[in-house]
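First the structure, in the form of structure tokens, and then the observations on it.
Quick caveat, the model's predicted, so the values are computed rather than measured.
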Amino acid sequence: VGSYTDAKGYVQGLIETLPGGKWKAIQAPLPVNMSRSQPARLVAVSCPSATYCVAVGGFLPSPKEAAGGLIETLSGDAATWKPKPYVAPEAPDGLRAVACGAVGACVAVSQGNNGGGGIIERLSNGTWKATPAPLPSEDAQAELDTVACPSSHSCTAVGDFFLKNDNDRVPTGLNETFSDGNWKPSLTSSFDAAGPGIQISLKWTSVACASTSLCVAAGWESGNFGPN
């Protein structure tokens, strides 16, 4: 998935499928109430089976429409796939990642509204539902970058978290775990090698889960020497 510029100069979402051993390009459709001139792009896709995929991304604002997240669902015979678009207005910066633990059980994540907190879009029983990512503090700001779902009832989303009153905006690794129908946040401590006066930044950018009880996250860490 991705984007391309059509003959009229409009940026369109792009889906490439491989039915019968040959790649086929499909323009990602926008909802009926949006014009073709609305710029759109897709950034991630998950396929729990050969006949079911979900792609996510976003569309940019235009003079008549606001920005938002975009979800495209493809199902059935891959040779005749017709994407079905869904708008996620809770994610004006677009959706960043998606994972499907099973057909019809998917989770997409986003930075959220105005950077206030991560947004989790969950597909269950045929309906997408957006919920704010629970945070360790009411004065927190967070971003979710990616998600992994080893089953339909277990997911882990990762990103970073910092306090709104922190002028240095030093991030801490944030994990959101879904089990038993609920999302639970946890913070990841940085390495113990930091000494006095050193601020440690930690951000997760990728996660993979081999099972419901075994996940590995990767990202980056940096230290800044403070005045002490």
How about [X] and [Y]: do any of their side-chain heavy atoms sit closer than 4.5 Å?
{"X": "S49", "Y": "V103", "answer": "yes"}
{"X": "V98", "Y": "S46", "answer": "yes"}
{"X": "L70", "Y": "P85", "answer": "yes"}
{"X": "S179", "Y": "H153", "answer": "no"}
{"X": "V54", "Y": "I71", "answer": "yes"}
{"X": "W183", "Y": "I120", "answer": "yes"}
{"X": "T73", "Y": "Y52", "answer": "yes"}
{"X": "L144", "Y": "I119", "answer": "no"}

Just how far is it from atom [atom1] of [X] to atom [atom2] of [Y], taken to the nearest 0.5 Å?
{"X": "I26", "Y": "E72", "atom1": "CD1", "atom2": "CD", "answer": "10.0 Å"}
{"X": "F178", "Y": "S151", "atom1": "CZ", "atom2": "OG", "answer": "9.0 Å"}
{"X": "D145", "Y": "D160", "atom1": "CG", "atom2": "CG", "answer": "6.5 Å"}
{"X": "L174", "Y": "K203", "atom1": "CG", "atom2": "NZ", "answer": "9.5 Å"}
{"X": "T205", "Y": "E143", "atom1": "OG1", "atom2": "CD", "answer": "12.5 Å"}
{"X": "N182", "Y": "T177", "atom1": "CG", "atom2": "OG1", "answer": "12.0 Å"}

*Please check if V147 and L95 belong to a single hydrophobic cluster, counting links between Ile, Leu, Val, Met, Phe, Trp and Tyr side chain heavy atoms closer than 4.5 Å.*
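V147 does not cluster with L95.
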Throw together a table of side-chain donor-acceptor distances under 3.5 angstrom for residues 121-134, partners on residues two or more places apart or in other chains.
none

So that I can confirm a possible disulfide, could you see if the SG-SG distance for [X] and [Y] falls below 2.5 Å?
{"X": "C47", "Y": "C53", "result": "yes"}
{"X": "C209", "Y": "C149", "result": "no"}
{"X": "C106", "Y": "C100", "result": "yes"}

Checklist entry - CG of D6: more than 12 outside heavy atoms within 6.0 angstrom? => result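 It does: D6 CG has more than 12 such atoms within range.
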Which heavy-atom pair separates [X] from [Y] by the least distance, and what is that distance?
{"X": "P150", "Y": "A148", "result": "CD-O, 3.8 Å"}
{"X": "G94", "Y": "S110", "result": "O-OG, 3.0 Å"}
{"X": "A44", "Y": "R96", "result": "CB-O, 3.9 Å"}

For V207, which of V216, T156, N175 qualifies under side chain to side chain contact (heavy atoms under 4.5 Å, CB included)?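 Exactly one candidate clears the test, T156.
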| message | Would V56 and V109 count as a side-chain contact (heavy atoms from CB on, under 4.5 Å) here? Give the steps. | response | CA-CA 9 Å; V56 301; V109 296; over 6 Å; no
Distance-only side-chain donor-acceptor flag, Q27 / Y4, under 3.5 Å: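 The answer is yes; a qualifying pair exists.
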